[in-house]
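One structure is given below, represented as structure tokens, and several questions about it will come after.
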Amino acid sequence: MLADFSVIEITSFDPNYIVKLFENFEKEIKTNLPRWKAVPVQSTKSDDLRRIYVQLSLEIEKYYIYIYLGIQFHSLLYYQVDKEVINMTKQIRNAEKLFDETKSEITVEGDRILKEELEKLGYKEIDNAQLFEELFTKSQLSEKLIEKAYQVEQNYPSIKENEIHLANLKKKLEKYIIEAYQINTASLDQNKMLQGEEGIVIYIDFETIKNKKTKEKSSVINFEKISDEILNEIKKEFTGITQILSRLQF
């Protein structure tokens, strides 16, 4: 149910299932393809955007391979279909309206009392710039006015009661919130992922290791110079990954 109380039908999925799937994938990699380094399954949250992913890396001679496999989806909040949601929402709106009206009344009353107090102290015709200077340089004056303003608020105990009532209502309403997850089955490249689109993300980096000590790498690769032996090793590793993926139940 939406905030306007309209009821809609939604489809969702369980992100925990994806986490377990990636964890099984990671275990299979460690067991059957030990040359790969696997980073444990990661998840990130940014506002309503969610990511779940796993990362692999491999060094073969002077070549470095990096694989990112993940999904990107949105988390959407809805209310359960329940009459209590409607009742509490209406109560919250009424309480917020009363709170705003009381605050406005306090402001008007406070301005009136502070104006009278300033006139008593001889500041009847003073402009705002001069008044600000007086308040800044004379702490006793500002303290006196703050005390007067505090006294005005004390004459409205209902505003504190209303704040507590509002907080309690909102806390109760939170119990009726459900989280649904939305994803698209489209394949995303890195740019689309960074733009916040939904989908499945798979990208592979292939680089040359220029310095093993400093881990400096270069994306410039002369493929003609890669030996058949290394190509066969790379092919064998990727065949292993393909076999593992085929065994997992998506």
Sole candidate of Leu169, Leu173, Ile86 that passes side-chain contact (heavy atoms from CB on, under 4.5 Å) when paired with Gln91: Leu169
Closest non-hydrogen atom pair between Gln243 and Ser246, with its separation: O-OG, 2.6 Å
Ser57 side, atom OG; Tyr68 side, atom OH - distance, nearest 0.5 Å: 15.0 Å
Lys/Arg N to Asp/Glu carboxylate O, Glu59 vs Lys217, below 4.0 Å: no
Enclosure of Glu101 CD (heavy-atom neighbours >12, cutoff 6.0 Å): yes
Worked check of side-chain contact (heavy atoms from CB on, under 4.5 Å) between Phe25 and Val54: CA-CA 9 Å; Phe25 174 66; Val54 63; 3.9 Å; yes
Any donor-acceptor pair under 3.5 Å from Asn222 side chain to Glu224 backbone: yes
Charged N-O contact under 4.0 Å between Arg35 and Glu233: yes
Which atom of Glu237 lies closest to which atom of Leu33, heavy atoms considered: OE1-CD2, 3.7 Å
Minimum heavy-atom distance between Ala38 and Glu26, given as atom pair plus value: CB-CG, 3.9 Å
Under 3.5 Å: donor-acceptor pair, side chain of Asn162, backbone of Ala95: yes
Under 3.5 Å: donor-acceptor pair, side chain of Ser227, backbone of Ile230: yes
Worked check of side-chain contact (heavy atoms from CB on, under 4.5 Å) between Glu84 and Tyr176: CA-CA 9 Å; Glu84 277 301 303; Tyr176 291 87; 3.6 Å; yes
Atom CD of Glu96 with >12 non-hydrogen neighbours under 6.0 angstrom: yes
Within 6.0 angstrom of Asp100 CG, more than 12 heavy atoms from elsewhere: yes
Side chain to side chain, Leu58 and Ile67, heavy atoms closer than 4.5 Å: no
Heavy-atom side-chain contact between Glu207 and Tyr63 under 4.5 Å: no
Check residues 192-200 and write down every donor-acceptor pair under 3.5 Å in which the side-chain atom is one partner and the other belongs to a residue at least two apart or another chain.
| residue | atom | partner | partner atom | Å |
| --- | --- | --- | --- | --- |
| Glu198 | OE2 | His74 | ND1 | 2.6 |
| Glu198 | OE2 | Gln182 | NE2 | 2.9 |

Approximate separation, where rounding is to 0.5 Å, of Ile71 CD1 and Ile52 CD1: 4.5 Å
N-O pairing of Arg50 and Glu179 below 4.0 Å: yes
Side chains of Val201 and Leu69 in contact at under 4.5 Å (non-hydrogen atoms): no
Tyr64 ring center near Phe206 ring center (under 6.0 Å): no
Audit row: Tyr203, Asp189, side-chain contact (heavy atoms from CB on, under 4.5 Å) steps and yes/no: CA-CA 7 Å; Tyr203 64 82; Asp189 58 24; over 6 Å; no
Single-linkage hydrophobic cluster, 4.5 Å side-chain cutoff, Leu188 and Leu49 together: no
Lys212 side, atom NZ; Ile209 side, atom CD1 - distance, nearest 0.5 Å: 5.0 Å
Hydrophobic cluster membership, Ile29 vs Ile202, 4.5 Å side-chain cutoff: yes
Hydrophobic cluster membership, Leu21 vs Val39, 4.5 Å side-chain cutoff: no
Aromatic centroids of Phe73 and Tyr181 separated by under 6.0 Å: yes
Nearest atoms (heavy-atom pairs only) where Val19 meets Val41: O-CG2, 4.3 Å
Nearest heavy atoms of Phe13 and Pro15, plus distance in Å: O-CD, 3.3 Å
Any side-chain heavy-atom pair of Ile65 and Ile204 under 4.5 Å: yes
Leu56 vs Tyr66 side-chain heavy atoms within contact, under 4.5 Å: no
Co-membership, hydrophobic cluster, residues Ile183 and Ile18, 4.5 Å side-chain: yes
From CG (Leu248) to NZ (Lys20), nearest 0.5 Å: 14.5 Å
Donor-acceptor pair, side chain of Ser218 and main chain of Val220, under 3.5 angstrom: yes
Thr242 OG1 to Arg247 CZ distance, which is reported to the nearest 0.5 Å: 11.0 Å
Reported CD1-to-OH distance for the pair Ile177 and Tyr79, which is rounded to 0.5 angstrom: 5.0 Å
Glu23/Lys27 salt bridge by N-O under 4.0 Å criterion: no
